[in-house]
**Student:** 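Here it is, the structure in full.
So you know, we letter chains A, B, ... as the sequences are listed, proteins then strands, and number each from 1.
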Protein chains: 2
Amino acid sequence: MPAARHVPQRLAAAPATRPLPQGWEEIRAEVLARIHARHWLPGALIPTEEALAQEFGCARATVSRALRELAESGVLERRRKAGTRVALHPARRATVAIPVTRLEVEGRGQTYGFHLLEQGLMVAPVPVTAQLGLAPATPLLHLRTLHLADGRPFLYEDRWLNPAVLPAPLPDFTAISANEWLVGHVPYTTGDIAFSAANATVDEAAILGLRTGTALFITDRTTWTWDAPVTAVRLAYAPGYRLHTLV
Amino acid sequence: MPAARHVPQRLAAAPATRPLPQGWEEIRAEVLARIHARHWLPGALIPTEEALAQEFGCARATVSRALRELAESGVLERRRKAGTRVALHPARRATVAIPVTRLEVEGRGQTYGFHLLEQGLMVAPVPVTAQLGLAPATPLLHLRTLHLADGRPFLYEDRWLNPAVLPAPLPDFTAISANEWLVGHVPYTTGDIAFSAANATVDEAAILGLRTGTALFITDRTTWTWDAPVTAVRLAYAPGYRLHTLV
DNA sequence: GAGTGGTCTAGACCACGTT
DNA sequence: ACGTGGTCTAGACCACTCC
């Protein structure tokens with residue numbers, strides 16, 4: 001909880017108000033409450049940081065922190081000079097965690113395992129090189145891995161690695177999954193992730209032990225380190241997988 | 001860009017270093033660069049805020065902002081007294097935007113439309129009431145809506161609304177979609193979202209104009225206002241839909 | 001030009017968790 | 001107990017953008 005020292009009293013006190021919000025978290029809650037109470041309507045301008053700071057008897061920076069968080073979660077829209085508005089079309093933002101597969105499995109209390117199905121340097125299909133922004137004929141390291149939970153197929157991973165940007169001694173990918181080695185050895189800075197659904201192909205069904213056509217949850221990820229592409233990977237999850245938002 | 005005034009010069013200047021990072025964004029980039037250069041290894045302690053502030057010649061609050069952002073995105077792990085470490089198992093966090101369906105369609109340059117397929121007050125299935133934390137026999141408002149893009153099926157929405165918490169004059173849901181009315185009239189404070197894949201049922205296939213068994217991208221959302229449940233909704237997207245992360 | 005948010009500073013107190 | 005991050009303050013300058 002925030003400190004309550006040095007609290008300047010409002011001179012123009014509203015009669016019998018509830019206690020002032022303390023700290024940026026309570027201010028954020030208070031603003032949300034006013035929006036929810038339809039005291040501040042969608043699209044409406046809310047008071048300036050300075051006005052709110054005066055009302056709450058705190059520094060402007062504290063109000064700023066609260067409003068910034070709300071703007072980052074899509075509740076408010078802020079522009080200099082124009083002020084702060086309640087979002088009219090709240091494209092709410094949600095955060096998802098993308099853990100290493102081993103931890104994802106172990107987090108469910110299951111035993112993790114994996115099989116490297118294929119490994120080889122080869123020319124990638126054009127969609128892959130295009131996605132990575134590489135010349136069409138660039139040879140890439142292709143790894144296909146089946147991840148297991150309690151010995152049962154959990155996730156089929158089809159990965160292309162750019163050998164040009166990998167640190168020198170490549171590991172034995174039958175001993176450590178590419179997934180896990182990468183996060184420890186190529187901390188990435190940017191990436192793009194897309195989620196979708198697809199019917200299992202004949203190959204995917206065979207690998208995952210499913211009937212052809214089973215609906216699979218798909219994650220496509222492209223990873224970059226500064227400006228060099230590192231890896232493009234497609235993850236196909238066995239049925240039952242659900243990706244949850246945080247909090 | 002941040003201000004560069006009042007920059008205290010480092011007394012113990014390292015010889016011929018590159019210019020100091022200016023502002024919290026550049027500091028964040030510098031920290032990321034050191035991690036990426038494997039100067040700071042996964043699991044390792046990095047200097048304290050105070051030490052970095054001294055090194056960069058800025059206030060501690062500026063370093064704090066940069067490190068906080070990195071912690072929020074999963075790159076660093078911070079604990080009081082224990083200090084700040086490079087995340088050993090970086091469960092990277094990604095943010096997705098959840099817009100109103102109409103805007104999602106219009107954002108693709110397509111024309112939006114919808115049909116209300118069913119509307120009625122009825123006892124919800126047990127999984128739904130359980131998900132909302134309501135008594136099993138609670139009557140809920142059930143809405144089934146088909147959203148269209150350029151006249152073609154885009155999204156099938158199966159929604160349960162808690163009438164007890166809705167503002168008094170309910171709209172004509174054939175004129176405004178529940179999706180859109182809710183965001184304008186019941187700003188929510190919390191919610192849980194899960195993404196998954198499922199084969200289209202016979203009904204879903206008929207509604208969306210697909211073959212039974214087609215893989216659908218599913219979003220399940222539960223929404224609360226403070227502590228009262230508002231709505232539980234299942235969205236089934238027509239094939240081709242991809243959910244992208246921001247940035 | 002002027003108003004608003006965005007950032008920075010220097011200092012301070014506090015909460016938490018390791019020791 | 002003590003070190004580290006978390007937060008707050010009061011003031012300042014700046015960037016952006018609307019008028």
Side-chain angles (χ1 to χ4, degrees), chain A residues 1-11 19-31 40 43-87, chain B residues 1-11 19-31 40 43-87:
Chain A
M1 283 301 108
R5 73 210 161 291
H6 233 242
V7 177
Q9 288 305 324
R10 289 168 69 202
L11 294 184
L20 294 174
Q22 302 284 331
W24 71 267
E25 285 176 312
E26 289 188 24
I27 291 177
R28 180 183 58 182
E30 172 67 20
V31 170
W40 291 341
L45 266 181
I46 74 171
T48 65
E49 289 187 350
E50 184 143 6
L52 288 174
Q54 224 165 3
E55 176 185 351
F56 296 146
C58 68
R60 183 167 77 94
T62 306
V63 173
S64 189
R65 172 81 187 268
L67 298 187
R68 171 161 37 89
E69 300 266 335
L70 288 169
E72 280 170 4
S73 64
V75 173
L76 298 178
E77 289 171 0
R78 321 193 70 193
R79 287 207 318 280
R80 289 161 145 125
K81 167 74 179 178
T84 300
R85 291 180 182 277
V86 180
Chain B
M1 281 300 109
R5 74 210 161 289
H6 234 241
V7 178
Q9 288 303 324
R10 289 168 66 199
L11 294 183
L20 294 175
Q22 302 283 334
W24 71 267
E25 286 177 311
E26 288 187 25
I27 291 177
R28 179 183 59 182
E30 172 66 21
V31 170
W40 291 341
L45 266 181
I46 74 171
T48 65
E49 290 187 349
E50 183 142 6
L52 289 174
Q54 223 163 6
E55 176 184 352
F56 296 146
C58 68
R60 183 166 78 93
T62 306
V63 173
S64 190
R65 172 81 188 268
L67 298 187
R68 170 160 40 88
E69 300 267 336
L70 288 170
E72 280 170 3
S73 63
V75 173
L76 298 177
E77 289 171 1
R78 321 194 70 193
R79 288 205 319 278
R80 288 160 143 124
K81 167 73 179 177
T84 300
R85 291 178 182 279
V86 180

**Student:** Rounded to the nearest angstrom, tell me the gap between atom CG in Leu70(A) and atom C1' in dG6(C).
**Tutor:**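 Atom-to-atom, Leu70(A) to dG6(C), this comes out as 16 Å.
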
**Student:** Starting at atom CH2 of Trp24(B), determine the distance to atom P of dT9(C), rounded to an integer number of angstrom.
**Tutor:**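 Result: 14 Å.
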
**Student:** What's touching nucleotides 1-5 of chain C from the protein side, N or O pairs under 3.5 Å?
**Tutor:**
unit_1: dG3(C); atom_1: O4'; unit_2: Lys81(A); atom_2: NZ; d: 3.3
unit_1: dT4(C); atom_1: O2; unit_2: Lys81(A); atom_2: N; d: 3.3
unit_1: dG5(C); atom_1: OP1; unit_2: Thr84(A); atom_2: OG1; d: 3.2
unit_1: dG5(C); atom_1: OP2; unit_2: Glu49(A); atom_2: N; d: 3.1
unit_1: dG5(C); atom_1: N2; unit_2: Arg80(A); atom_2: NE; d: 3.3
unit_1: dG5(C); atom_1: N2; unit_2: Arg80(A); atom_2: NH2; d: 3.2

**Student:** Calculate the interatomic distance between Gln22(B) atom CD and dT9(C) atom C1'; express it in whole Å.
**Tutor:**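 These atoms are roughly 14 Å apart.
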
**Student:** Nearest heavy-atom pair of Leu20(A) and Phe56(A): which atoms, and what distance?
**Tutor:**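 Smallest interatomic distance, heavy atoms only, reads CD1-O, 3.5 Å.
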
**Student:** Which whole-number value in Å describes the distance from Glu77(B) CD to dC16(C) C1'?
**Tutor:**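 Interatomic distance, CD of Glu77(B) to C1' of dC16(C): 17 Å.
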
**Student:** Looking only at side-chain N and O atoms, does Thr62(B) come under 4.0 Å of OP1 or OP2 in dT9(C)?
**Tutor:**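 It does, given that an N or O in the side chain of Thr62(B) lies less than 4.0 Å from OP1 or OP2 of dT9(C).
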
**Student:** So how far is it from Thr84(A) OG1 to Arg68(A) CZ, rounded to the nearest 0.5 Å?
**Tutor:**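 Output value for this atom pair is 12.5 Å.
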
**Student:** Run Leu52(B) and Glu49(B) through side-chain contact (heavy atoms from CB on, under 4.5 Å) and show every step you take.
**Tutor:** CA-CA 5 Å; Leu52(B) 289 174; Glu49(B) 290 187 349; 6.0 Å; no

**Student:** In whole angstroms, how far is the C1' atom of dG5(D) from the CG atom of Leu45(B)?
**Tutor:**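 My rounded result for the distance is 13 Å.
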
**Student:** Can you tell me how far P of dT9(C) sits from CZ of Arg65(B), to the nearest Å?
**Tutor:**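 One finds 13 Å between P of dT9(C) and CZ of Arg65(B), rounded.
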
**Student:** Using whole Å, report how far CZ of Arg85(B) lies from C1' of dG5(D).
**Tutor:**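 Distance, rounded to whole Å: 14 Å.
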
**Student:** Send over the distance from Phe56(A) CZ to dT7(D) P, rounded to a whole Å.
**Tutor:**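 These atoms are roughly 18 Å apart.
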
**Student:** Please identify which of these residues, Arg78(B), Arg65(B), Arg28(B), meets the side-chain contact (heavy atoms from CB on, under 4.5 Å) condition with Leu70(B).
**Tutor:**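 Looking at Arg78(B), Arg65(B), Arg28(B), the match for Leu70(B) under the side-chain contact (heavy atoms from CB on, under 4.5 Å) is Arg28(B).
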
**Student:** For Arg85(B), what residues pass the side-chain contact (heavy atoms from CB on, under 4.5 Å) criterion, not counting sequence neighbours?
**Tutor:**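 Only Leu45(B) meet the side-chain contact (heavy atoms from CB on, under 4.5 Å) criterion with Arg85(B).
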
**Student:** On a heavy-atom basis, which atom in Trp24(B) and which in Ala66(B) lie closest, and how many Å separate them?
**Tutor:**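 Scanning both residues completely, I find the closest heavy atoms to be O-CB, 3.4 Å.
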
